[in-house]
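All values reported here derive from a predicted model rather than from experimental measurement.
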Amino acid sequence: MPTSGRARIKDLLSIERLDDAPNPVSVNGWVKTVRSSGGVSFVQINDGSSLADLQIVVDANCPDYALVDALTTGCSVTAFGVLQESLGRGQRYEIVASSIALLGGADPEEYPLQKKRHTLEFLRELAHLRPRTNTFGAVARVRNAMAFGIHQFFQQRGFLYIQTPIITASDAEGAGAMFRATTLNLDDLPTKGGRVDNDADFFGRPAFLTVSGQLEAEIFAQAMSDVYTFGPTFRAENSNTSRHLAEFWMVEPEVAFCDLDGLAQLAEDFLRSIFAYVLETCPEDMAFFNRFYDKELIKTLEDIANSDFERMTYTEAVRVLEGSGESFEFPVSWGADLQSEHERYLTERKIGRPVIVTDYPSSIKAFYMRLNEDGQTVRALDVLVPRIGEIIGGSQREERLDVLQSRMAEAGLDDAPYWWYLDLRRYGTTPHAGFGLGFERTVQFATGMQNIRDIIAFPRTPRNAEF
RNA sequence: UCCCCGGUAGCUCAGCGGUAGAGCGGGCGGCUGUUAACCGCUAGGUCGUAGGUUCGAAUCCUACCCGGGGAGCCA
């Protein structure tokens, strides 16, 4: 079946004037449902190009009419016919088939997807078939649009897209437990002096899957000024929540000659831009999510796209929380990190829109964040959004060699493996800043989906790596 | 990893000490344009796994496995 003559359902359904239709047309897709009434059958198919299905009318005038009995939910078909105004209500156009053929059957006694709603938990066990459902098709299209929107945002601003390594020997301190990448035979480990002989491993040293491309992105920021990464990252944390994955995609811009205020502005512009982009480019899918998953979704995203983010320092946030009169499960005190309930109070109840919290205590943040003049806080930034909580974490980086070295010593880190990172401060150091955005969390927020496992096609979570 | 809830027909669930039910889906048959079509009939389950209590366990107890919600960690 040549694809050159294949019309996409999305394109057919968006035709303005029927005179412009490339009639007769050839369409392909997977059957959603078949309805038969007397001498007419209606075969509703979808090809993934849009949320909407295309109705194919097959009646006695079609030589393949007898074949309709073999068409069941899930099978693939190819059809040829004339696109015309629908005689029935419910769709603008339909195709009156002059031929229709079964490409691949789907035994209705075995095919697990029925023409009714399934729970997301059930569909999660069918990751190979769930893209055919309305919800997962919509997620796939929105995810695609947001990925493109992210690249477009940075490209339009002159940022360079760089690819940082997935296998790494460095640890972006504190970002989380790492997966080991090794070719050693785990059933028969080579030893030297009673310990595992890492010299015998592939790289001659321990290697891991990256938890962040930040340190390498800083290298390129110190040459190209404005860069970003967009790639997979891995965390071996035993996190079992609706917001965590062991493998997820992260967007990490890194900007030279930029301070925390500049970074906060970039983060805000960025989020507002990509939410506006998805509303503009995926209206049908977004209406679907708004209808079935979150009635306030579109309004929420429009509000974000159209209004400034609230900004406050950590110290101010603590003051707000202490004066809130709320009884939190975890006490609020300066020096302790904000708990989920605190973040949600701030962004959901106190402010009602995204909040950028800055200048956290140095004791609870990573060594590379720039120390403030007070010696107590660092130029860190978290962007909190309703329902998800932290969606962006970032900071102005410590560009002063001596301060960075003393911070590393406080954190108990050995300088040696970071020699190249320290070199960036030795030679032409600049004030610079960057943040990390969890891509799945962002799509989760934009779609109103409750569980991050429904945002990535093949979720990796503790004890789950099927597919 | 911790706390709470749940695992019964393909799916969603009811039954909660006396030996299994509904709706949807499937099959068969109707219906001259349907919209998760509709109407009638019908098949289908060692009640997550392994122990235990009991005359008797889907139902009570224990352990484990799996799923969900929340927490921690973070993106």
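The partner of B:G6, taking Watson-Crick or G-U wobble pairs whose two distances both stay under 3.5 Å, is B:C66. Base pairing annotation: B:G33 forms no Watson-Crick or G-U wobble pair, as no partner gives both donor-acceptor distances under 3.5 Å. Nucleotide B:G23 forms a pair with B:C11, judged by Watson-Crick or G-U wobble geometry with both contacts under 3.5 Å. B:C60 and B:G52 make up a base pair, with Watson-Crick or G-U wobble contacts both under 3.5 Å.
Residues that satisfy the side chain to side chain contact (heavy atoms under 4.5 Å, CB included) test with A:P24, not counting sequence neighbours, are A:F80, A:V82. The side-chain hydrogen bond (donor to acceptor under 3.5 Å, both in side chains) search around A:Y228 returns A:H151, A:Q155, not counting sequence neighbours. Applying the side-chain hydrogen bond (donor to acceptor under 3.5 Å, both in side chains) test to A:Q265 and every residue at least two apart in sequence or in another chain returns A:D269, A:R311. Remark: A:N451 pairs with no residue by the side-chain hydrogen bond (donor to acceptor under 3.5 Å, both in side chains) rule, at least two apart or across chains. The ring-ring contact (aromatic ring centres under 6.0 Å, His included) check on A:H244 picks up nothing, with sequence neighbours excluded. The side chain to side chain contact (heavy atoms under 4.5 Å, CB included) check on A:Y65 picks up A:S41, A:V58, A:V68, with sequence neighbours excluded. Every residue meeting the ring-ring contact (aromatic ring centres under 6.0 Å, His included) condition with A:H342, not counting sequence neighbours, appears here in chain and number order: A:F328.
If you check B:U35, B:G33, B:A71 against the side chain of A:Q339, the one that comes closest is B:A71. Ranking B:C74, B:A75, B:C11 by closeness to the A:F122 side chain, first place goes to B:C11.
Atom name C1', nucleotides B:G72 and B:G56: the rounded distance is 46 Å, in whole Å. If you take atom P in B:C61 and the same atom in B:C39, they sit 42 Å apart, rounded to whole Å. Taking atom C1' in both B:C3 and B:A57, the straight-line distance is 29 Å, to the nearest Å. Using C1' as the reference atom, B:U62 and B:A22 are 33 Å apart when rounded to the nearest Å. Across the P atoms, B:C38 and B:C47 are found 33 Å apart, a figure rounded to whole Å. For the C1' atoms, the distance from B:A36 to B:U12 is 14 Å, rounded to whole Å. One C1' atom belongs to B:G23, the other to B:A75, and the distance between them is 42 Å to the nearest Å. Between the C1' atoms of B:A63 and B:G25, the separation comes to 36 Å (whole Å).
Nucleic acid contact for A:L437: none, since no nucleic acid atom lies under 4.0 Å from a heavy atom of the residue. Contact annotation for A:Q55: base contact, defined as any heavy-atom pair under 4.0 Å involving a base atom. Residue contacts shown for A:Q44 are absent, as no nucleic acid heavy atom lies under 4.0 Å away. Among the heavy atoms of the strands lying under 4.0 Å from A:F42 is at least one base atom, whether or not backbone atoms are also near. Contact annotation for A:T442: no contact, since no heavy-atom pair falls under 4.0 Å across all strands. Within 4.0 Å (heavy atoms only), A:G88 reaches at least one base atom of the nucleic acid. A:I391 comes within contact range of the sugar-phosphate backbone alone, with a heavy-atom separation under 4.0 Å but no base atom that close. Note on A:E94: a base of the nucleic acid sits closer than 4.0 angstrom, heavy atoms only.
Side-chain N or O atoms of A:R235 include none that pairs as donor or acceptor with a backbone N or O of A:L245 at under 3.5 Å. For the pair A:D285 (side chain) and A:V142 (backbone), a donor-acceptor distance under 3.5 Å is absent.
Atom CZ in A:R235 sits about 15 Å away from atom C1' in B:G72, given to the nearest Å. Per the geometry, CZ belonging to A:R441 stands 10 Å off C1' belonging to B:C73, to the nearest Å. The distance between atom CG of A:D337 and atom P of B:A75, rounded to the nearest whole Å, is 10 Å. What separates CD of A:E343 from P of B:C74 is a distance of 10 Å, to the nearest Å. A:I455 places its CD1 atom 14 Å from the C1' atom of B:A75, with the value rounded to the nearest Å. In this structure, OH of A:Y360 is placed 11 Å from P of B:C74, rounded to the nearest angstrom. Atom CD in A:E390 sits about 14 Å away from atom P in B:A71, given to the nearest Å. Separating the CD1 atom of A:I95 from the C1' atom of B:G33 is a distance of 17 Å, rounded to the nearest angstrom.
A cation-pi arrangement is not found for A:K350 relative to A:Y345, the charged atom failing to lie both closer than 6.0 Å to the ring centre and inside a 45° cone about the ring normal.
Between A:F122 and A:H118, the two ring planes are tilted [angle within 30° to 60°].
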Intermediate values then yes/no, salt bridge (Lys or Arg N to Asp or Glu O under 4.0 Å), A:R379 and A:D359: CA-CA 5 Å; A:R379 300 245 75 187; A:D359 299 290; 3.2 Å; yes
With salt bridge (Lys or Arg N to Asp or Glu O under 4.0 Å) as the criterion, how do A:R407 and A:E398 come out once you've worked through the C-alpha distance, each side chain's angles and the decisive distance to 0.1 Å? CA-CA 9 Å; A:R407 288 273 288 152; A:E398 183 56 75; 5.9 Å; no
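Phosphate proximity of B:U34 to A:R35: absent, as no side-chain N or O sits under 4.0 Å from OP1 or OP2.
Residue pairs meeting the side-chain hydrogen bond (donor to acceptor under 3.5 Å, both in side chains) criterion with at least one partner in residues 454-464 of chain A, sequence neighbours excluded, are A:R124-A:D454, A:R130-A:D454.
In the region residues 282-293 of chain A, proximity to RNA chain B at under 4.0 angstrom, judged on heavy atoms, holds for none of the residues.
Proximity of the aromatic rings of A:F439 and A:F230 is defined here by a centroid distance below 6.0 angstrom, and this criterion is met.
More than 12 heavy atoms of other residues, nucleotides or ligands sit less than 6.0 Å from atom CZ of A:R35.
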In B/S/- notation (B base, S sugar-phosphate only, - none; protein heavy atoms under 4.0 Å), nucleotides 25-32 of chain B written 5' to 3' is SSS---BS
Listed pairs, N/O of protein and of nucleotides 40-44 of chain B, under 3.5 Å:
none

All N/O contacts under 3.5 Å from nucleotides 66-69 of chain B to the protein, with atom names and distances to one decimal?
residue	atom	partner	partner atom	Å
B:C66	OP1	A:R463	NE	2.8
B:G68	OP1	A:R124	NH1	2.3
B:G68	OP1	A:R453	NH1	3.4
B:G68	OP2	A:R453	NH1	3.2
B:G69	OP2	A:N451	ND2	3.4

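Residue A:H118 places no side-chain atom within donor-acceptor reach of the base of B:C11, judged by atom type and a 3.5 Å distance cut-off alone. Under 3.5 Å, the side chain of A:S239 and the base of B:C73 form at least one donor-acceptor pair of N or O atoms.
Here the options are A:F148, A:F270, A:F275, the test is ring-ring contact (aromatic ring centres under 6.0 Å, His included), and the partner is A:F153; only A:F270 passes.
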